[in-house]
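For reference, the structure is listed below as C-alpha cells.
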Amino acid sequence: MSLYERIVEMIERNLAHAAERAKAAGELSFEGLPSYVLEEPRERQHGDLATNLAMVLTKQAKRPPREIADILLKNLDTKETWIEDWSIAGPGFINFRLNPDWLANVVTEILREGEDYGRVQLGQGEKVQVEFVSANPTGLLHMGNARGAALGDSLASLLEMAGYEVSREFYINDAGNQIHNFALSLEARYLQLLGQDAPIPEGGYHGEDLIDTIKGLIAQVGDKYLTQEPILRQEFLVRYALDEKLRHIRETLKEFGVEYDVWFNEQSLHDSGFVRATMEEMEKKGYIYEKEGALWLKSTLFGDEKDEVVVRSNGTPTYFAADIAYHRNKFERGFNRVINIWGADHHGHVARMKGAIEALGFNPDALQIILMQLVRLIQNGEVVRMSKRSGQYITLRELMDEVGRDAARFFFILRDPDSTVEFDLDLARSQSADNPVYYVQYAYARLCSILRQAQETQTNLRLPTGAELKLLLNSQEERDLLKKLADFPREIALAARLLEPHRLARYVLDLASLFHTFYNSQRVLVEDEGLRQARLGLVRGTKQVLNNVLRILGVTAPERM
RNA sequence: GCGCCUGUAGCUCAGUUGGAUAGAGCAUCUGCCUUCUAAGCAGGUUGUCGGGAGUUCGAAUCUCUCCAGGCGCACCA
C-alpha cells in the first residue's frame with residue numbers, strides 16, 4: 001500500500017475511533033457510525049483532507065455539527081498521521097492540514113516500485129473475464145467496435161493493475177441465421193462478379209468489402225463453384241469469407257493495440273451439444289415451456305418484460321439460447337466475475353441474460369454488463385445511420401489511418417460509456433493535432449528530453465536523499481505534482497471499483513498539466529547538485545507514472561515529438 | 001404506450017456517488033521562446049447545471065413530474 005493510502009486509511013480509522021471514544025465517554029450518542037467521507041477538498045485553502053463526519057452525525061447525536069466536530073477532535077489521535085493542523089469550517093467540516101514532509105517520500109516510492117507503482121490489491125487475484133467487441137465476423141470493424149475495443153481493453157488492463165486476474169475474450173458469432181444471410185450475400189456477389197444477375201437478398205449484407213473478399217476468392221479458385229450445388233457453394237463461400245473476415249478483425253484489433261486471450265466460437269457450443277444440454281437443464285428445472293411449437297424461457301420470473309424464445313418452432317435454437325450456454329460455460333470455467341461490454345442497442349438483453357444466469361443457479365450479480373451508448377457518425381453535418389448490413393459505416397481501419405491509433409483510443413477512453421459520442425470525421429481529421437492525447441504525450445517527450453540532456457551533461461542519475469527531496473517542497477508547483485503522483489494508486493482503486501477507465505484518462509491529463517506547469521516555473525538542470533538530483537527524481541517519477549497510465553490506456557509514450 | 005440512457009459555458013465533455021465559491025479542452029482576448037521541446041505556460045471573458053416541485057444543515061448529484069433527444073420493446077443478432 002502506498003504511503004498516501006496508508007495516511008488516508010489511518011485518519012479514517014482514527015476518526016472512527018474518536019467517535020467511539022466520545023460515545024464511550026458519554027460525550028456523543030449514536031447507534032452505528034454513519035458512512036462519511038474523508039476527501040481532498042476542492043479548495044486548497046480548506047487544507048489537504050476534509051471530513052463531513054461531524055455533519056453526518058448530527059441527526060443521531062442531536063447536537064450542532066460544529067460542536068460534534070469539537071468533540072471528535074478532542075478525542076482524535078493524530079500520532080503518525082502527518083496531521084499538522086486542523087480547523088472546523090463552514091457548516092461543520094473538519095479540515096486537516098498535513099505536514100508536507102510526507103510528500104518527499106513519494107519519489108522514492110515510485111522509483112522503487114517502477115512499473116508496479118499504482119498496483120493495488122483490490123482484486124486479490126480474483127478471476128475476471130472481460131468480453132468485448134465480439135463483432136459479427138460478417139464485415140469490417142466500425143466506430144462502435146472501436147469504442148468497445150478501446151474501452152474493453154483499457155478496462156481489462158485497469159483491472160489487472162488493481163490485482164485481478166483478467167482474461168480478454170472475443171465471442172465469434174459464427175452460427176445462426178445471420179451466417180445464412182451472409183452466405184446468400186456472398187453467393188450473390190460471387191455470381192455478380194462472374195457476370196450473372198444475382199441480387200443481394202432481403203436482409204443481406206450490402207457492404208462493398210464483400211466484393212473484395214469474393215474477388216480474392218475468385219483469384220484463387222476462379223469460377224469452379226459456378227456450377228456447384230448451391231448448398232455446397234454457399235458452404236464453401238462462408239468458410240472462406242469467415243476465415244478472411246476474422247483474420248482481418250484480428251489483425252485490425254492487434255494494430256489497435258488489443259490482444260485477446262481467448263477467441264470463442266459460437267459454433268463450438270452447437271457442435272458439442274452444449275446448447276441443447278443447457279436447454280434441457282433449464283427445462284428440468286422447470287424454466288422452459290412450449291407454446292406455438294417453440295420453447296420459451298420464463299424470463300419474466302426474473303424481471304424480464306416478456307418471456308423469450310430459446311428454440312424456434314423449426315427446431316433451431318435462437319441466438320439467446322447459444323448466449324445462455326456461452327455464459328454458463330464462462331462461469332463453469334471458474335470466473336468469479338464476468339464483464340460484458342455491449343452496445344446500448346442490446347440493453348433489452350440484459351435482464352433476460354441475468355435471468356438465465358439465475359435460472360442456471362449462478363449469481364446474476366457476477367455478470368456485469370457495461371452498456372455503451374452508440375457512436376453517431378456525422379458527415380457533412382448530418383447523422384449517418386451506420387449498419388453492417390447496409391454497408392454504410394466508417395471502419396476502424398479508416399479511423400486509424402485518418403487520426404492515428406493513439407488519438408482514436410484516447411478519444412474514446414476519455415468519455416464515459418454512458419455518453420453518446422458524436423464523431424465528426426472531418427472535424428477529427430482537422431483537429432487531430434489538438435487531440436488531448438498529444439498534450440499528454442508531449443509531457444512525456446519533454447520528460448525524456450530532460451533526462452537525455454542530463455545524461456549528456458554527465459549527471460549520473462541516482463536516488464536523491466531524503467534531505468534533497470525535501471527541497472522539492474519549497475515550491476507549490478512541485479508539491480502539487482508530488483501530490484498528484486501520490487494519488488495514483490487511489491485513482492486506480494477507484495476507477496477499478498467503478499469500472500470506469502475514463503477516470504484514468506482524466507487523471508493523466510491532470511498529471512500532464514501539473515507537469516507542464518512545473519516545467520515552466522522551475523528549471524530541472526540547475527547548478528545545485530542536491531536540488532538537481534531531487535528534481536531529476538521528480539522527473540523520473542512523473543515519467544514512470546505517465547508510462548504506467550498510458551500502458552493501461554494502450555497509448556504509446558513517445559520519447560521524442 | 002412501456003423500459004433504459006442522456007440533457008452542465010458558443011462547441012466537445014468532466015464533476016471524487018449529497019458537500020464549502022460548478023470545472024477542463026476547443027473557440028476568443030492579453031502577455032511569455034538568447035536558459036531543460038511554445039504540440040507548452042500565465043492571466044481575462046464565458047453558466048436559469050433542460051423546466052418545475054419536493055427531501056435536509058446542504059442538491060448538478062436523491063425522489064416526483066413535465067419537456068427534448070437517443071436506444072430498445074422479433075420464433076433478428
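Proteins get letters first, then strands, A, B, ... in listed order; numbering begins at 1 in each.
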For A9(B) and C13(B), measure between their C1' atoms and round to the nearest Å.
11 Å
Arg352(A) side chain to Gly348(A) main-chain N or O, any donor-acceptor pair under 3.5 Å?
yes
N-glycosidic conformation, C32(B) - syn within 90 degrees of 0, else anti
anti
A27(B) and U6(B): how far apart are their C1' atoms, nearest whole angstrom?
25 Å
For residues 508-528 of chain A, which residue pairs qualify under salt bridge (charged side-chain N to carboxylate O under 4.0 Å, His left out), counting only residues two or more places apart or in two chains?
Lys484(A)-Asp510(A)
Using the C1' atom on both, measure G15(B) against A53(B) and round to a whole Å.
25 Å
The residue, Asp416(A) or Val311(A), whose nearest nucleotide of RNA chain B is more 5′ is Asp416(A)
If stacking means aromatic ring centre less than 5.5 angstrom from the base's six-membered ring centre, planes under 30°, is His46(A) stacked on A20(B)?
yes
Does a side-chain N or O from Arg42(A) land closer than 4.0 Å to OP1 or OP2 of A20(B), or not?
yes
Are OP1 or OP2 of A14(B) and a side-chain N or O of Ser419(A) less than 4.0 angstrom apart?
yes
Over 12 non-hydrogen atoms of neighbours within 6.0 angstrom of CZ in Arg479(A)
yes
When both distances are under 3.5 Å in a Watson-Crick or G-U wobble arrangement, the nucleotide paired with U17(B) is none
Tell me whether the OP1 or OP2 atom of U37(B) has a side-chain N or O from Arg452(A) closer than 4.0 Å.
no
On RNA chain B, compare the nucleotides closest to Val309(A) and Gln373(A); which residue's is nearer the 5' end?
Gln373(A)
So, is Thr517(A) near the phosphate of A42(B), with a side-chain N or O under 4.0 Å from OP1 or OP2?
yes
Report yes or no: does Arg66(A) contribute a side-chain atom to a donor-acceptor pair with the main-chain N or O of Gly90(A) at less than 3.5 Å?
yes
Phosphate oxygens OP1/OP2 of A39(B): is one of them under 4.0 Å from a side-chain N or O of Tyr444(A)?
no
Under the 5.5 Å and 30° test, is Phe93(A) stacked on the base of A20(B)?
yes
Using the purine O4'-C1'-N9-C4 or pyrimidine O4'-C1'-N1-C2 torsion, is U63(B) syn (within 90° of 0) or anti?
anti
Do the side-chain N or O atoms of Tyr442(A) get closer than 4.0 angstrom to the phosphate oxygens (OP1, OP2) of A39(B)?
yes
OP1, OP2 of A77(B) versus side-chain N and O of His180(A): anything below 4.0 Å?
no
Expressed as a whole number of Å, how far does the C1' atom of U28(B) sit from that of G10(B)?
10 Å
Quiz question: going by heavy-atom distance under 3.5 Å, is there a donor-acceptor pair between the base of U21(B) and the side chain of Gln45(A)?
yes
